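Computed from a prediction, not measured in an experiment: that's the story for all the values here.
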Amino acid sequence: MKTFAFSIVLCVLFTSLGNALVVAQTPATLGRIDRIDAELDKYIAEDAKVEVLAGGFTWTEGPVWIGDDGGGHLLFSDIPRNSIFRWSAARGVELFMSPSGYTGNTYYGLEPGSNGLALDGKGRLTACEHGDRRVSVLTRGGGKRTLVDSFEGRRLNSPNDLTFDSAGAIYFTDPIYGLPERQNDPRRELDFCGVYRLAPDGKLSLLTKQMTRPNGIGLSPDENTLYVAQSDPENPVWMSFPLKDDKTLGEGKVLLNAKEYMKEFPGLPDGLAVAKDGTIFGSGPGAVYVIKPDGKLIGRLITGGRTSNCTFSKDQKTLYITADSYVCRVRLK
């Protein structure tokens, strides 16, 4: 049983079971801010905290901020519930979509739902879907369209996370976490976990299959570097790859290894977000790790538990974090 030495607030949220309600007790804050280098002060105020916005979920992932006339809202996946939820300051938590990643009629493992979410250039929600093993886009007026679900005639494993470049190309990772039996699943058709680029014209290119468990992904602001997190306990690293003019990858290098931090907290390198100055905010063991493009770690936003992903508000004044059963935020400068 988890215990928290924090003040308790009540959070009411819709579950994926129709209109049933769950009342969950959640702490007001989690963890602490670990200031490894004074440079972190450029991003995080001295009194900043990891604030809990909502709790009671199964496993939160894939947050994306949506600007709107009502002050904006956050969409995020609850993968085991096969659902996407919506949070706003005005309305709290509401069910946005269910099913979100698996539309079959049989049991499909513990992680069937959507994972990474992003907006395309037209503002449409684009999702990595575990159960349906595809990257999809939610079209205007409702209904999904499959953007990609196979490579060279073989079904993808379970697309995990994605990012867009300014031309509309999608970069995404395809590990095996959404397959019910993972690496040994009889439904598996590819014998590797790939990192891909889907061009605006629909051409799919395999960028690398050297990573055993590619997960979170992001681009540098100048789009010359691709960052990929690896969730392999034997090699838990954040990598950077130069992007060549022909959109292939140069030789990758390790930015940071999470092995030592795994001794302190549970979890692995996972989703990430890249700030407008190129600083990487990468979720990992028990925290979001603030990493400079040269690999220097300047701080950690510690949740204390498995931390899956993060995203910025449009003005980058807030970082939203998905961490285990919680959705959190940290105010930025």
Is there a path from F172 to L272 through hydrophobic residues (I, L, V, M, F, W, Y) whose side chains come within less than 4.5 Å of each other?
no

When clusters are formed by joining ILVMFWY residues with side-chain heavy atoms under 4.5 Å apart, either directly or through shared neighbours, do L147 and L219 land in the same one?
no

Heavy atoms of T318 and L332 approach each other most closely as C-CD1, 4.0 Å

Which heavy atom of R124 sits nearest a heavy atom of R140, and at what distance?
CG-NE, 4.1 Å

What I want to find out is whether D277 reaches K42 closely enough, with some N-O distance under 4.0 Å, to be called a salt bridge.
yes

Students should find that the hydrophobic cluster of I84, defined by side-chain heavy atoms under 4.5 Å apart, otherwise consists of V64, I66, L75, F96, M97, L117, L119, L125, L138

Inspect the surroundings of NZ in K253 and state if more than 12 heavy atoms from other residues, nucleotides or ligands are less than 6.0 Å away.
no

Donor-acceptor pair, T60 side chain versus D78 backbone, under 3.5 Å?
no

Any chain of hydrophobic side-chain contacts (each under 4.5 Å) joining V254 to I280?
no

Are any side-chain N or O atoms of N257 and backbone N or O atoms of V237, one a donor and one an acceptor, separated by less than 3.5 Å?
no

Main-chain N/O of T322 paired with S308 side-chain donor or acceptor, under 3.5 Å:
yes

Check whether any side-chain N or O of R188 sits under 3.5 Å from a backbone N or O of N157 as a donor-acceptor pair, and report yes or no.
no

Take the angle between the ring planes of F151 and F192 and call it parallel below 30°, perpendicular above 60°, tilted in between.
perpendicular

Give a yes or no on whether I298 and V330 share a hydrophobic cluster (residues Ile, Leu, Val, Met, Phe, Trp, Tyr; joining criterion: side-chain heavy atoms under 4.5 Å apart).
yes

Would you check if the side chain of R329 reaches a backbone N or O of L319 as a donor-acceptor pair within less than 3.5 Å?
no

What closest approach, in Å, do A118 and L162 show between heavy atoms, and which atom pair accounts for it?
CB-CG, 4.0 Å

Shortest non-hydrogen contact from I79 toward H130
CG2-ND1, 3.7 Å

Do side-chain atoms of D174 reach the backbone of S158 as a donor and acceptor pair under 3.5 angstrom?
yes

Counting distance only, does the side-chain N/O of N82 pair as donor-acceptor with the main-chain N or O of Y102 below 3.5 Å?
yes

Measure across P159 and V135 and return the closest heavy-atom pair with its distance rounded to 0.1 Å.
CB-CG2, 4.0 Å

Looking only at side chains, do T279 and Y43 share a donor and an acceptor under 3.5 Å apart?
yes

For S83 and S98, does a side-chain donor sit closer than 3.5 Å to a side-chain acceptor?
yes

Side-chain touch N309/D161, heavy atoms, less than 4.5 angstrom:
yes

Hey, can you pull the donor-acceptor pairs under 3.5 Å for the side chains in residues 225-236, sequence neighbours left out?
| from | atom 1 | to | atom 2 | distance (Å) |
| --- | --- | --- | --- | --- |
| Q230 | OE1 | T212 | N | 2.8 |
| Q230 | OE1 | T212 | OG1 | 3.3 |
| Q230 | OE1 | R213 | N | 3.4 |
| Q230 | NE2 | N235 | O | 3.0 |
| S231 | OG | N215 | ND2 | 2.9 |
| S231 | OG | P269 | O | 2.4 |
| D232 | OD1 | E234 | N | 2.9 |
| D232 | OD2 | T212 | OG1 | 2.5 |

For the residue pair F76 and F57, does the interplanar ring angle fall in the parallel (under 30°), tilted (30 to 60°) or perpendicular (over 60°) class?
perpendicular

So among S114, S77, S136, which one has a side chain to side chain donor-acceptor pair (under 3.5 Å) with S100?
S114

When hydrophobic residues are tied together by side-chain contacts of less than 4.5 Å, even through go-betweens, does W238 share a cluster with L297?
yes

For a salt bridge (Lys or Arg N to Asp or Glu O under 4.0 Å) check, start with the C-alpha distance between D185 and R187, then their side-chain angles and the critical distance, and finish with the verdict.
CA-CA 5 Å; D185 198 290; R187 285 156 287 214; 2.8 Å; yes

Show the numbers, then the answer: is there a side chain to side chain contact (heavy atoms under 4.5 Å, CB included) between E152 and L190?
CA-CA 10 Å; E152 295 183 344; L190 296 168; over 6 Å; no

Would you call K244 and D246 a salt bridge, using N to O less than 4.0 angstrom?
no

Decide if the gap between the ring center of F312 and the ring center of F281 is smaller than 6.0 angstrom.
yes

List, by chain and then residue number, the residues other than F265 in its hydrophobic cluster (Ile/Leu/Val/Met/Phe/Trp/Tyr, side-chain heavy atoms under 4.5 Å); write none if there are no others.
I302

Backbone of R134 reached by a side-chain donor or acceptor of D132 within 3.5 Å
no

T307 side chain to S283 backbone, donor-acceptor under 3.5 Å
no

For a quick test of reading the model, state the closest non-hydrogen atom pair linking G71 to W65 and the distance between them.
O-CZ2, 3.4 Å

